[in-house]
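These notes concern the structure reproduced below.
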Amino acid sequence: MFQWFRPNLHVGSVIDLTPERLQKYELRSLLLDVDCTLKNYRSQTISPEVSRWIETMKEKGIGLCLVSNGRGERIRRFAENVQIPFVAPAMKPLPFGCQTAIRTMKFDKKSTAMVGDQVFADVLAGKLAGLFTILVVPIQPEEEPWFAKMKRPFERIVLQPGL
Ligand SMILES: [Mg+2]
C-alpha cells in the first residue's frame with residue numbers, strides 16, 4: 001500500500017527541476033504546491049532562486065498552476081505576485097484540485113506532475129489524480145503549523161526503502 005505515498009521523483013528543491021530533467025521524464029506542465037515547496041510557510045515572498053526558476057519554466061513553455069490547500073485569499077495574493085494561475089483551497093489529498101487545474105489549464109495528464117513537500121497531501125493527491133509525482137524537501141519546515149508537523153514522522157516511515 002505504500003506505493004500510494006512513494007513519489008516518482010524525490011528532489012531537494014524545485015530548483016533541481018531543470019528543463020532538461022523535465023524533458024527526460026517527458027513532463028510539460030507542473031502543478032505546484034505553495035507552502036514549504038515554493039516558499040516557507042510564513043512568508044509571502046519567494047527566494048530569488050525560486051523566482052528565477054519560475055521565470056525559466058515560463059520561458060521554456062512549461063505549464064504552471066498552483067494547487068494549494070491554503071486559504072483562497074492568501075493564495076490568490078501569492079499567485080498574483082508570481083503570476084501563476086491557482087486552485088485553492090485544493091483539499092489535497094483529494095484529487096479534485098489537481099483535476100480542476102488540469103482541466104482549466106488544458107494540461108495533458110500524461111505530461112503533468114504534481115510537485116509538493118508533503119507525502120500525505122501532495123504525493124497522494126497527485127497519485128489519486130493519476131499524475132507523475134515529485135516530492136521536494138520542505139523549505140523551513142520548523143515554521144509549519146502543528147497539523148503539518150505532526151505528519152512528518154509518518155512520512156519518514158512510508159518513504160523508507162524496502163518497506
Ligand atoms: Mg506544502
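Just so it is clear, the model here is predicted, and its values are computed rather than measured. Read the numbers this way: they start at 1 and go in the same order the structure lists the ligands and their atoms. Numbering of residues begins at 1 and proceeds along the displayed sequence.
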So, of the N/O/S atoms that [X] has, which is the nearest one to the Mg ion (ligand 1)?
X	value
D117	OD1
D35	O
D33	OD2

Exercise for the section: Examine all N, O or S atoms of D122, backbone included, and report whether one is under 2.8 Å from the Mg ion (ligand 1). Expected result: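 No, since none of the N, O or S atoms of D122 sits under 2.8 Å from the Mg ion (ligand 1).
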
Exercise for the section: Indicate the atoms forming the closest heavy-atom contact of T133 with R6, along with that distance. Expected result: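 T133 and R6 have their closest heavy atoms at OG1-O, 4.1 Å.
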
Problem - Spacing of C98 atom SG and L131 atom CG [to the nearest 0.5 Å] - result: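 Here the rounded value is 5.5 Å.
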
Problem - Nearest-0.5 Å distance that lies between atom CG in D122 and atom CG in N69 - result: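 It is 7.5 Å, given to the nearest 0.5 Å.
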
Problem - Whether over 12 other heavy atoms sit under 6.0 Å from Q23 CD - result: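 Counting neighbours around CD of Q23, 12 or fewer heavy atoms of other residues, nucleotides or ligands fall under 6.0 Å, so no.
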
